[in-house]
Number of protein chains: 2
Amino acid sequence: MDELSLFSRIGRTISLEKGQSLIWEGDQSLIVANIVSGLFKLTTSLDDGREQIIGIAYPADFVGRPFGTTNEYTVTALTDARLCVFSRTDFDRFAPDHPEMEHKLLQKTLDELDRARRWMLLLGRKSAPEKVATFLLEMSQKLAGSGCDTADKQLNEFELPFGRQQVADILGLTIETVSRQLTQMKNSNLIDLPDRRHVNILEPERLAQISSAQTAV
Amino acid sequence: MDELSLFSRIGRTISLEKGQSLIWEGDQSLIVANIVSGLFKLTTSLDDGREQIIGIAYPADFVGRPFGTTNEYTVTALTDARLCVFSRTDFDRFAPDHPEMEHKLLQKTLDELDRARRWMLLLGRKSAPEKVATFLLEMSQKLAGSGCDTADKQLNEFELPFGRQQVADILGLTIETVSRQLTQMKNSNLIDLPDRRHVNILEPERLAQISSAQTAV
DNA sequence: CGCAAAATTGAATAGTCTCAAATGTAGTGG
DNA sequence: CCACTACATTTGAGACTATTCAATTTTGCG
């Protein structure tokens with residue numbers, strides 16, 4: 001990310017408080033940004049308020065729509081956060097002259113596309129128990145990657161960075177269904193829920209079975 | 001696409017018959033390809049056979065996973081088709097030296113990501129009637145873009161390149177539900193279905209209302 | 001402690017799916 | 001040209017899952 005640090009000079013660092021939005025769906029694409037710290041949700045909504053979380057952005061992730069005129073989604077801070085913001089036109093001019101940066105952005109975008117498409121299978125074809133199980137396993141893997149406590153590939157005890165409604169918006173369910181599935185899993189001793197933000201996976205294998213993981217051939 | 005034609009020399013053109021697959025989910029990513037002619041579906045499946053179509057690829061589209069080891073989805077021809085195929089390792093070596101090509105690929109990938117995310121809203125939050133209405137409008141727009149008959153922005157009479165089961169796999173519904181929604185729309189005189197592959201949109205505005213299109217602010 | 005927000009629980013409903021049967025369509029060979 | 005077959009689609013009835021709406025409980029915070 002050498003060139004990115006070079007590029008950083010034409011950007012400016014800003015802070016956002018939890019709940020504030022950086023970009024709105026439907027607005028003109030005026031800025032792009034690199035996340036320095038904090039967690040963001042990317043969302044689209046329907047007129048009547050139904051909302052779908054279409055992505056989560058972590059530190060080092062890139063948000064905004066370069067080379068395009070319109071933002072297709074809203075970007076909102078889930079925690080207090082800091083970003084390095086660039087004007088989109090500056091970025092669009094700068095990028096073609098810095099192929100190494102574009103290459104990295106391409107790789108990130110390809111990864112994001114794979115993730116989005118994997119999630120489409122969940123949204124279109126999985127049942128509520130399958131959705132919740134998949135979500136919990138995915139979170140345990142993602143949060144393990146950040147390397148908090150152990151160097152394990154999976155962390156069975158972790159803090160959820162989302163409220164129940166947000167989990168529902170990620171899975172395409174209602175908050176009530178998410179709640180019911182979680183308590184049911186707790187009652188089956190698959191997981192423990194010490195408080196509403198913490199999850200403890202007691203039986204990862206059984207949870208994986210429930211999640212209908214694709215056959216790793 | 002000048003550099004692409006240069007690149008084409010290290011690729012070879014192949015033909016696929018309707019129904020044949022070029023790439024399998026879970027397999028190693030050995031090839032990437034440019035579509036010359038024909039239509040493809042990108043799919044992921046669960047163990048028990050449930051399938052989700054996560055994308056459609058048209059001529060000039062790029063398929064396969066560069067800069068990665070595993071294919072996350074299956075690529076299958078929906079019609080007889082021709083492609084220009086490259087070994088992934090060749091492509092991966094070639095690409096970083098051809099920033100203009102990478103730039104175009106980045107733009108395509110960003111567009112794909114936007115489309116995938118828009119579809120996540122449909123899969124996660126829309127009802128069956130909304131899904132079918134959205135699908136019909138999207139198809140009429142996409143097929144109008146190819147410029148068959150008129151230069152209109154929307155073509156109200158068109159041929160569906162999918163069977164009912166494929167429509168179901170695109171929308172995350174069952175074939176029966178798709179069928180019921182279509183006949184219901186036909187009975188309401190919203191659309192006409194001359195034969196099972198042709199659709200005629202009689203009332204685009206009313207269909208747009210049903211589709212719960214996002215507010216274009 | 002008391003309040004507002006978040007989460008859980010319950011009962012009833014609606015919507016989609018499942019399973020089964022009937023109908024329609026395209027392609028083949030007589 | 002027609003009958004026959006295989007396959008795709010439609011239709012129907014019933015079951016079941018997730019939603020809706022309402023009420024209750026829990027949590028975090030001033």
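Each chain gets a letter, A, B and so on, in the order its sequence line appears, and its residues count up from 1.
Checked by atom type and distance alone, the side chain of B:Ser140 never pairs as donor or acceptor with a backbone atom of B:Asn156 at under 3.5 Å. Judged by distance alone, with hydrogens and angles left aside, the side-chain atoms of B:Trp119 form a donor-acceptor pair with the main-chain N or O of B:Ile170 at under 3.5 Å.
Following rounding to the nearest Å, B:Leu171 (CG) and C:dG15 (P) show an atom-to-atom distance of 18 Å. The distance from atom CZ of B:Arg50 to atom P of D:dT17 is 13 Å, rounded to the nearest whole Å. Taking atom CG on B:Leu123 and atom P on C:dT16, their separation rounds to 14 Å, with Å as the unit. Distance CZ (B:Arg164) to C1' (D:dT10): 9 Å, rounded to an integer number of Å. Rounded to whole Å, the distance from CG on B:Leu193 to P on D:dT10 is 7 Å. Atom CD in B:Glu130 sits roughly 12 Å away from atom C1' in C:dG15 (whole-Å rounding). Rounding to whole angstrom units, CD of residue B:Gln166 and P of D:dC7 are separated by 16 Å. Between the CG atom of B:Leu160 and the C1' atom of D:dT9 there is a distance of 13 Å, given to the nearest Å.
Remark: B:Lys41 fails to qualify as a cation-pi partner of B:Phe162 under the 6.0 Å distance and 45° angle criteria applied to the six-membered ring.
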One pair to check against salt bridge (Lys or Arg N to Asp or Glu O under 4.0 Å): B:Arg65 and B:Glu72. What are the steps and the verdict?
CA-CA 8 Å; B:Arg65 183 55 163 92; B:Glu72 296 265 324; over 6 Å; no
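For the side chain to side chain contact (heavy atoms under 4.5 Å, CB included) test with B:Leu182, the passing option among B:Asn187, B:Ile191, B:Leu190, B:Thr177 is B:Ile191; the others fail. Residue B:Leu207 forms a side chain to side chain contact (heavy atoms under 4.5 Å, CB included) with just one option from B:Thr134, B:Ile201, B:Leu202, and that option is B:Ile201. Under the side chain to side chain contact (heavy atoms under 4.5 Å, CB included) test applied with A:Leu42, the options A:Asn71, A:Ile54, A:Ile56, A:Ile23 reduce to a single match, A:Ile54.
Shown here for B:Leu16 and B:Ser21, the closest heavy-atom pair between the two residues is CD1-C, 4.4 Å.
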Taking only N/O atoms, report every protein-nucleotides 23-28 of chain C pair under 3.5 Å with atom names and distance.
none

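A salt bridge is defined here as a Lys NZ or Arg NE, NH1 or NH2 lying under 4.0 Å from an Asp or Glu carboxylate O, and A:Arg117 with B:Glu25 fails to meet this definition.
Heavy-atom distances under 4.0 Å link DNA chain C to A:Glu176, A:Ser179, A:Arg180 of residues 172-182 of chain A, given in residue order.
Heavy-atom nearest nucleotides on DNA chain C were determined for A:Thr183 and for A:Arg125, and the one closer to the 5' end corresponds to A:Thr183.
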